[in-house]
Amino acid sequence: MRFSDDFISELRSRIDIEELIGRYTDIKHRGSRTPTALCPFHTEKTPSFVIYRDTSSYYCFGCGAGGDAINFIKNIEHLDYVEAVRFLCERAGMAMPADPVDDEYLRLRRRCYEANREAARFFCSCLKTQAAYEAREYLKKRQLTDETVKRFGLGFAPDTWDALTKYLKGKGFSETELIAFNLARQSKNGHTIDAFRNRLMFPIIDLRGNVTAFGGRVLDNSVPKYLNTSDTVVYKKGQGIYALNFAKNNTERKLILCEGYMDVIAMHQAGFTNAVAALGTAFTTEQISLLSRYCDELFLSFDSDEAGQKATARALRLLSASPMKLRILNITGGKDPDEIIKTQGREAMQGLINEARNDTEYALAKAQKKYDILTDDGKLSFISDAVNILADINNPVQRELYISRVASITETKRDPIAAQVEKTRKGRKKRQEAEAFQNEAREAAGDDKGKIPNPERRANLKACRAEETILASLLKNPDYLIRYSNVLSAECFVTKVNRDLFISISERIKNNRPLELSYFSEESSNEEISILSYLTIFGEKIAGTTGEFEDCIHTLAEEKIKKDASSGEELSDEDFMNIIARKRKKSGV
């Protein structure tokens with residue numbers, strides 16, 4: 001199916017290319033104009049994969065993979081074009097344009113929402129039955145009021161094989177639908193049975209109030225302790241935030257990120273209605289993106305045990321490039337917020353929130369705990385760790401403040417610590433510049449093996465450079481097409497890939513259609529998209545003048561006649577650009 005340019009434009013505006021790619025590979029220099037990463041499409045040790053935020057595109061100078069968000073998802077998830085667009089629409093909260101296929105997809109989503117809503121009602125009604133006695137006792141033990149239970153829609157899945165399945169079939173849902181929605185599953189002997197049995201049920205509700213999934217907790221010692229809905233047409237793990245439908249309404253734009261359902265519910269009951277949690281999975285960059293829409297200051301309130309501290313450390317790594325201000329609670333007097341509230345009261349929890357440390361203070365405190373700073377060895381080890389922490393601080397005032405604090409803690413002079421911090425910062429900057437230089441070198445090297453996926457390029461290097469300059473110029477200056485229509489046509493091109501791209505670009509220009517990369521994805525091959533991605537980058541480096549354009553047309557004409565590019569095989573990009581500059585100078589352009 002074809003999508004309108006307006007639809008693609010809206011989808012493109014809603015997708016953060018850096019955040020999207022960050023789900024699949026670790027990004028260095030996150031947030032900079034051109035972040036880099038190890039390419040997810042080939043094995044490499046030095047990052048050659050560059051993300052261009054200005055054009056919402058990417059390009060790998062190692063393997064030549066390039067494109068936009070649609071092309072990235074299409075290749076990384078092994079989807080076709082329509083499936084990739086649908087994938088991104090799901091992430092962006094956009095509806096797909098209607099066609100017969102999409103009508104079926106939307107119908108399935110609607111049915112899933114309806115089935116989940118009926119399942120939630122079923123679980124709520126079951127919580128009132130005699131079979132749910134242990135579940136109600138558990139809720140009493142956790143000191144949850146009837147009002148809280150109702151507010152969060154808590155329920156009970158009875159200890160039977162097919163109670164929910166029979167109920168939903170009575171509401172008109174088929175077994176096939178229930179299995180697809182992960183409300184039921186097929187047993188080894190082929191029977192359809194409930195996915196959740198003998199569990200306290202937590203409905204997961206999205207920002208629009210739809211029940212998208214469920215989490216179920218056992219009431220005994222069986223495993224797994226928590227069972228969560230698998231991915232469905234309305235739910236994807238790692239994309240949602242529990243209780244954000246309530247917490248998003250807080251006017252201070254502050255959120256408290258807890259570790260689990262019960263912590264969040266206990267916090268809300270105690271009046272901390274800005275508490276949320278990740279959904280039964282490791283914290284993800286997608287969840288960070290979602291949180292940042294409703295939050296300027298994020299408090300991490302994970303459990304005090306070893307697992308909770310590991311979760312905190314991982315979350316801080318992911319949050320390092322987030323615009324949100326970070327605060328970390330020092331959970332003492334209990335293993336989690338729920339226990340603190342129950343044993344010490346709301347005031348104690350409020351005190352922990354008030355005393356929450358920022359990420360630098362947290363890291364320094366954690367480092368200090370590792371050593372006995374009453375000894376010289378302990379002091380030196382702590383200072384060494386502290387230097388690496390403080391070298392990450394870009395604000396000079398903050399850096400100076402913490403340098404003085406470390407000096408005070410260790411009872412040493414600040415100047416040697418400050419000098420070591422500065423040395424570490426310079427070393428990191430030098431390494432970053434070296435990496436940037438390597439990327440620039442790869443970018444400038446026009447004859448990198450496999451860099452540009454044009455199979456005819458190496459045999460027609462001079463012609464290809466002219467073709468690429470022409471195409472890049474047209475993307476920047478579409479009016480050149482009409483101006484030079486009498487001397488430039490598809491027949492002028494030596495290589496097939498560039499000839500096809502010229503035809504595609506020309507048709508768009510003639511029809512006044514957009515020329516950004518995203519608009520080519522539907523009708524172009526992976527190779528063409530990769531070359532277009534390269535041309536977008538290359539276009540920033542060329543002069544883009546009419547003289548340069550004319551020189552390239554002349555070069556193509558010569559190469560077309562000679563049919564021999566051997567003289568250009570050893571020509572570097574720099575030499576090629578110098579030749580063009582000399583020609584322009586001679587012609588007075």
More than 12 heavy atoms of other residues, nucleotides or ligands under 6.0 Å from [atom1] of [X]: yes or no?
{"X": "D146", "atom1": "CG", "answer": "no"}
{"X": "K342", "atom1": "NZ", "answer": "yes"}
{"X": "E134", "atom1": "CD", "answer": "no"}
{"X": "K248", "atom1": "NZ", "answer": "yes"}

Quick check for you: to the nearest 0.5 Å, what is the distance between [X] atom [atom1] and [Y] atom [atom2]?
{"X": "L257", "Y": "F302", "atom1": "CG", "atom2": "CZ", "result": "4.0 Å"}
{"X": "E147", "Y": "F152", "atom1": "CD", "atom2": "CZ", "result": "10.5 Å"}
{"X": "Q143", "Y": "T145", "atom1": "CD", "atom2": "OG1", "result": "11.0 Å"}
{"X": "D68", "Y": "I529", "atom1": "CG", "atom2": "CD1", "result": "6.0 Å"}
{"X": "E77", "Y": "E83", "atom1": "CD", "atom2": "CD", "result": "10.5 Å"}
{"X": "N71", "Y": "I76", "atom1": "CG", "atom2": "CD1", "result": "11.0 Å"}

Decide, yes or no, whether a salt bridge links [X] with [Y] under the criterion of side-chain N to carboxylate O below 4.0 Å.
{"X": "E259", "Y": "K335", "answer": "no"}
{"X": "R14", "Y": "E10", "answer": "yes"}
{"X": "K171", "Y": "E114", "answer": "no"}

Would a distance-only check, ignoring hydrogens and angles, find a side-chain to backbone donor-acceptor pair under 3.5 Å from [X] to [Y]?
{"X": "S408", "Y": "S404", "result": "no"}
{"X": "E339", "Y": "D336", "result": "no"}
{"X": "R109", "Y": "V233", "result": "yes"}
{"X": "E177", "Y": "R111", "result": "no"}
{"X": "R53", "Y": "D16", "result": "no"}
{"X": "S304", "Y": "T332", "result": "no"}
{"X": "D296", "Y": "R253", "result": "no"}
{"X": "T424", "Y": "N388", "result": "no"}
{"X": "D194", "Y": "R197", "result": "no"}
{"X": "Q287", "Y": "G240", "result": "yes"}

Which pair of heavy atoms, one from [X] and one from [Y], lies closest together, and at what distance?
{"X": "Y371", "Y": "D385", "answer": "OH-OD2, 2.8 Å"}
{"X": "A277", "Y": "G260", "answer": "CB-O, 3.9 Å"}
{"X": "K237", "Y": "D231", "answer": "N-OD1, 2.9 Å"}
{"X": "V218", "Y": "P224", "answer": "CG1-O, 3.4 Å"}
{"X": "F196", "Y": "N228", "answer": "CZ-C, 4.3 Å"}
{"X": "M324", "Y": "C295", "answer": "CG-O, 3.4 Å"}

Margin query: In terms of relative ring orientation, are Y261 and F202 parallel, tilted or perpendicular, with 30° and 60° separating the classes?
Written below: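 Because their plane-to-plane angle is under 30°, the rings of Y261 and F202 count as parallel.
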Is there side-chain contact between [X] and [Y], with at least one heavy-atom pair below 4.5 Å?
{"X": "I409", "Y": "I373", "result": "yes"}
{"X": "T273", "Y": "N250", "result": "no"}
{"X": "R346", "Y": "F272", "result": "yes"}
{"X": "I331", "Y": "D303", "result": "no"}
{"X": "C89", "Y": "L11", "result": "yes"}
{"X": "F283", "Y": "L319", "result": "yes"}
{"X": "I27", "Y": "F49", "result": "no"}
{"X": "T360", "Y": "I389", "result": "yes"}

Margin query: By the definition salt bridge (Lys or Arg N to Asp or Glu O under 4.0 Å), identify the one residue from R399, R317, R425, R428 that meets it with D392.
Written below: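 Per the salt bridge (Lys or Arg N to Asp or Glu O under 4.0 Å) rule, the option paired with D392 is R428, out of R399, R317, R425, R428.
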Note to self: Whether R199 engages the ring of F214 as a cation-pi pair (distance to the six-membered ring centre under 6.0 angstrom, angle to the ring normal within 45°) should be assessed.
What the structure shows: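 Geometry flag: not set, cation outside 6.0 Å or 45°.
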Next item on the list: Applying side-chain contact (heavy atoms from CB on, under 4.5 Å), run through D338 and R142 and close with a yes or a no.
Entry: CA-CA 8 Å; D338 182 31; R142 301 302 291 258; 2.3 Å; yes
Check: D162 and T192: side-chain contact (heavy atoms from CB on, under 4.5 Å), yes or no, with the steps?
Finding: CA-CA 7 Å; D162 58 359; T192 301; over 6 Å; no
Notebook entry, point to check: Where do R117 and Y113 land on the side-chain hydrogen bond (donor to acceptor under 3.5 Å, both in side chains) test, with the steps shown first?
Noted result: CA-CA 6 Å; R117 184 172 62 249; Y113 283 132; over 6 Å; no
Check: Using the benzene-type ring in the case of Trp, are the ring centres of Y24 and F72 under 6.0 Å apart?
Finding: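 Between Y24 and F72, the centre distance is under 6.0 Å.
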Next item on the list: Please test V234 against D206 for side-chain contact (heavy atoms from CB on, under 4.5 Å), starting from the C-alpha separation and ending with a verdict.
Entry: CA-CA 10 Å; V234 300; D206 67 14; over 6 Å; no
Next item on the list: Please assess R357 against K366 for the test side-chain contact (heavy atoms from CB on, under 4.5 Å), listing each intermediate value before the final yes or no.
Entry: CA-CA 11 Å; R357 298 167 291 191; K366 188 176 180 181; over 6 Å; no
Check: What's the verdict on side-chain hydrogen bond (donor to acceptor under 3.5 Å, both in side chains) for Y235 and N116, showing C-alpha distance, side-chain angles and the deciding distance?
Finding: CA-CA 11 Å; Y235 175 72; N116 284 339; over 6 Å; no
Next item on the list: Might you work through the side-chain hydrogen bond (donor to acceptor under 3.5 Å, both in side chains) test for N210 and T212, ending with a clear yes or no?
Entry: CA-CA 6 Å; N210 297 311; T212 60; over 6 Å; no
Margin query: As a quick check of understanding, evaluate salt bridge (Lys or Arg N to Asp or Glu O under 4.0 Å) for K310 and E306, giving each step before the final call.
Written below: CA-CA 6 Å; K310 287 182 178 179; E306 183 179 355; 3.4 Å; yes
